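Notes to accompany the following structure.
To find a chain, count down the sequence lines: A is the first, B the second, and so on, and within it residues start at 1. Side chains included, hydrogens not; waters and symmetry mates left out as well; all remaining heavy atoms used. The structure presented is a predicted model; accordingly, all values stated were derived computationally and were not measured.
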2 protein chains.
Amino acid sequence: MNRRIPDSTVRRISHYLRALEVMGVQGTPTVSSEELAQQGGTTAAQVRKDLSHFGSFGKRGLGYSVPELASRLRDILGLTCRWRVVLVGAGRIGSALFEYPHFARRGYDCVAVLDNDPEKIGMSWGPVRIRPVEELELVVDALKVDIAILAVPAEAAQTLAERAVAAGARAILNFAAVQLRVPAHVHVAYVNLVVELEALSFAITQNGKGRRK
Amino acid sequence: MNRRIPDSTVRRISHYLRALEVMGVQGTPTVSSEELAQQGGTTAAQVRKDLSHFGSFGKRGLGYSVPELASRLRDILGLTCRWRVVLVGAGRIGSALFEYPHFARRGYDCVAVLDNDPEKIGMSWGPVRIRPVEELELVVDALKVDIAILAVPAEAAQTLAERAVAAGARAILNFAAVQLRVPAHVHVAYVNLVVELEALSFAITQNGKGRRK
DNA sequence: ATGCGCTTGTGAAATTGGTCACAATGTAGG
DNA sequence: CCTACATTGTGACCAATTTCACAAGCGCAT
Ligand SMILES: NC(=O)c1ccc[n+]([C@@H]2O[C@H](COP(=O)([O-])OP(=O)(O)OC[C@H]3O[C@@H](n4cnc5c(N)ncnc54)[C@H](O)[C@@H]3O)[C@@H](O)[C@H]2O)c1
Ligand SMILES: NC(=O)c1ccc[n+]([C@@H]2O[C@H](COP(=O)([O-])OP(=O)(O)OC[C@H]3O[C@@H](n4cnc5c(N)ncnc54)[C@H](O)[C@@H]3O)[C@@H](O)[C@H]2O)c1
């Protein structure tokens with residue numbers, strides 16, 4: 001029950017929650033650390049250790065109440081309020097994200113979409129009109145945006161991150177392949193598909209001795 | 001040299017390579033571990049340690065030759081050959097990936113796109129025609145596919161992973177929010193945007209005491 | 001109430017990954 | 001050739017994370 005939580009723990013908690021929600025729909029009343037571990041691809045001891053960072057939620061001999069644990073994990077992950085998100089970059093990735101219904105269902109509201117392409121500015125995406133990127137500060141400030149998603153080319157990402165942070169954003173989800181330099185209080189998550197693919201081709205090359213013939 | 005390589009090292013190598021390629025275009029002849037560290041968002045000692053897993057590529061007192069190190073890193077990551085990739089799921093994420101020119105530029109060729117939606121099957125995406133998912137085994141086997149990208153709903157992912165593996169795939173890039181169970185020799189990379197967002201809202205909640213008011 | 005079987009919660013040990021400090025080794029310049 | 005200097009490569013240390021092992025707690029049957 002202490003302070004500094006490993007990032008890996010937080011990510012696993014997110015997985016546990018997803019598994020719990022499936023079980024909840026199926027009506028499973030309780031679950032053991034062993035069962036949760038299987039769903040989350042880890043070990044029972046790891047599950048218990050992860051949870052023990054935040055308190056003790058189980059009943060010995062019985063396991064965890066599915067709805068109760070799910071609720072506690074939602075608290076932990078900050079899913080009890082709705083988060084306001086701005087999407088910067090209305091390109092291929094941006095539109096895939098925008099149309100993905102699961103984010104809203106999970107508490108992330110895309111309150112604005114910005115772009116710098118005159119062709120795109122003014123277009124309507126459902127209820128949202130694509131705005132010029134010049135309005136970034138306005139939007140972040142006036143709509144009290146917490147999280148900025150950057151789905152723009154790498155060259156633009158650093159500047160846009162700085163602008164979003166200056167206007168008050170506290171977290172950034174970055175799809176561009178650059179390391180962002182931001183103040184320490186701002187949190188950044190990276191999604192870099194090239195890194196993932198390269199990690200895979202590294203693993204294949206190491207392990208199975210090269211490409212299939 | 002050459003024990004088991006940490007995953008984090010492999011990912012950083014991918015970042016170093018990207019930085020080196022930018023420097024290469026700019027004509028920078030050599031680079032120090034210090035400079036590389038700045039680009040990659042890490043420390044000079046970490047850069048040297050990462051590289052030392054694979055050999056010694058630098059010149060003391062001088063640094064690393066940019067084109068030479070880039071070439072060595074490409075070898076390490078398995079980028080000296082072209083990889084054949086099959087994309088399963090021609091939805092929002094699938095189409096964003098397919099249209100992304102950088103993958104092909106980096107050696108990943110999408111040799112087939114599969115879906116199970118009769119509306120989509122038969123459509124042409126550039127030079128590729130979307131095929132019925134029943135042809136998965138055929139495609140993986142006949143086209144000697146190494147990597148399968150799963151951009152399908154979570155319910156379908158496990159079965160499709162098994163089918164791809166049975167037909168010979170050795171790595172999977174999975175966008176669905178489920179842990180895949182595959183044989184040990186198969187490598188899986190996960191991209192889970194919900195986890196990323198939840199890690200961010202966790203960090204904000206912990207750190208800055210909740211959402212902006 | 002008591003005992004049994006099951007499962008949690010948690011210190012302690014083991015492992016893994018990261019940092020530090022510096023000898024080794026190169027370049028450049030007299 | 002010798003000295004001054006920069007920067008690598010690495011073993012020894014340190015920190016973080018995972019695994020282990022087990023006492024303690026709970027429900028149920030008797
Ligand atoms: N599409 C993919 O599969 C994929 C994969 C990996 C990484 N990425 C990365 O994600 C990012 C976005 O990729 P994409 O494929 O969606 O690109 P895209 O070109 O389809 O979209 C980028 C959008 O950003 C806009 N934009 C450019 N500069 C801008 C600025 N200064 N301010 C505001 N908007 C601006 C463009 O007008 C465009 O609409 C890129 O960094 C790319 O490298 C994409
Ligand atoms: N779009 C996003 O931003 C986003 C974000 C996070 C996660 N994801 C995940 O990525 C995956 C794909 O998301 P999407 O938004 O592209 O969904 P989508 O619904 O747009 O596309 C899914 C595609 O898969 C096809 N499909 C379904 N079952 C199939 C099967 N058995 N075999 C072959 N094809 C099948 C569908 O016909 C559809 O074309 C999902 O698991 C989703 O949860 C998407």
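- Using modelled atom types, one side-chain atom of B:Glu35 and one backbone atom of B:Ser32 make a donor-acceptor pair closer than 3.5 Å.
- Using a distance-only test at 3.5 Å, with no hydrogens or angles considered, a donor-acceptor pair links the side chain of B:Tyr108 to the main chain of A:Leu197.
- Atom CG of A:Asp50 is separated from atom P of D:dT19 by 10 Å (rounded to the nearest Å).
- For residues 24-40 of chain A, proximity to DNA chain D is found at no residue, defined as any non-hydrogen atom under 4.0 angstrom from a strand atom.
- Checking C:dG17, D:dT19, C:dC20 against the side-chain heavy atoms of B:Pro6 singles out C:dG17 as nearest.
- Nearest-nucleotide positions on DNA chain D place A:Thr9 closer to the 5' end than the other of A:Thr9 and A:Arg48.
- For the pair A:Tyr64 and C:dG9, the criterion of a side-chain N or O lying under 4.0 Å from OP1 or OP2 is met.
- Heavy-atom distances under 4.0 Å link DNA chain D to no residue of residues 66-78 of chain A.
- Rounded to an integer number of Å, the gap from A:Asp7 CG to C:dG17 P is 16 Å.
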**Prompt:** With the sugar-phosphate defined as primed atoms, P, OP1 and OP2, and the base as all remaining atoms, what B/S/- string results for nucleotides 24-30 of chain D, 5' to 3', for protein heavy atoms under 4.0 Å?
**Reply:** BBB----
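- Spacing between atom CZ of B:Arg4 and atom P of C:dT16 amounts to 7 Å, rounded to whole angstrom units.
- B:Asp115 places a side-chain N or O within 3.5 Å of a backbone atom of B:Asp117 that can act as its donor or acceptor partner.
- A donor-acceptor contact closer than 3.5 angstrom links the side chains of A:Arg105 and A:His102.
- Taking atom CD1 of B:Ile5 as the reference point, atom P of C:dG17 lies 10 Å away to the nearest angstrom.
- The closest side-chain donor-acceptor pair between A:Asp50 and A:Thr9 falls under 3.5 angstrom.
- Side chain of A:Ser14 to backbone of B:Glu198: no donor-acceptor contact under 3.5 angstrom is found.
- Panel note: side chain A:Asn174, backbone A:Val178; a donor-acceptor pair is recorded below 3.5 Å.
- Using modelled atom types, one finds no donor on one side chain facing an acceptor on the other under 3.5 Å when comparing B:Asn192 with B:Glu196.
- Contact between the side-chain N/O atoms of A:Gln46 and the OP1/OP2 oxygens of D:dT17 is not found at any separation under 4.0 Å.
- Counting to the nearest Å, the C1' atom of C:dG18 and the CG atom of B:Leu51 are 15 Å from each other.
- Side-chain contact of B:Ser33 with B:Arg48: a donor-acceptor pair under 3.5 Å is present, judged by distance alone.
- A:Thr159 and A:Arg163 form no side-chain donor-acceptor contact under 3.5 Å, judged by distance and modelled atom types alone.
- Contact annotation for A:Ser8: backbone-only contact, meaning every heavy-atom pair under 4.0 Å involves sugar-phosphate atoms and none involves a base.
- Of the possible donor and acceptor atoms, one in the side chain of B:Tyr190 sits under 3.5 Å from a partner among the backbone N and O of B:Leu180.
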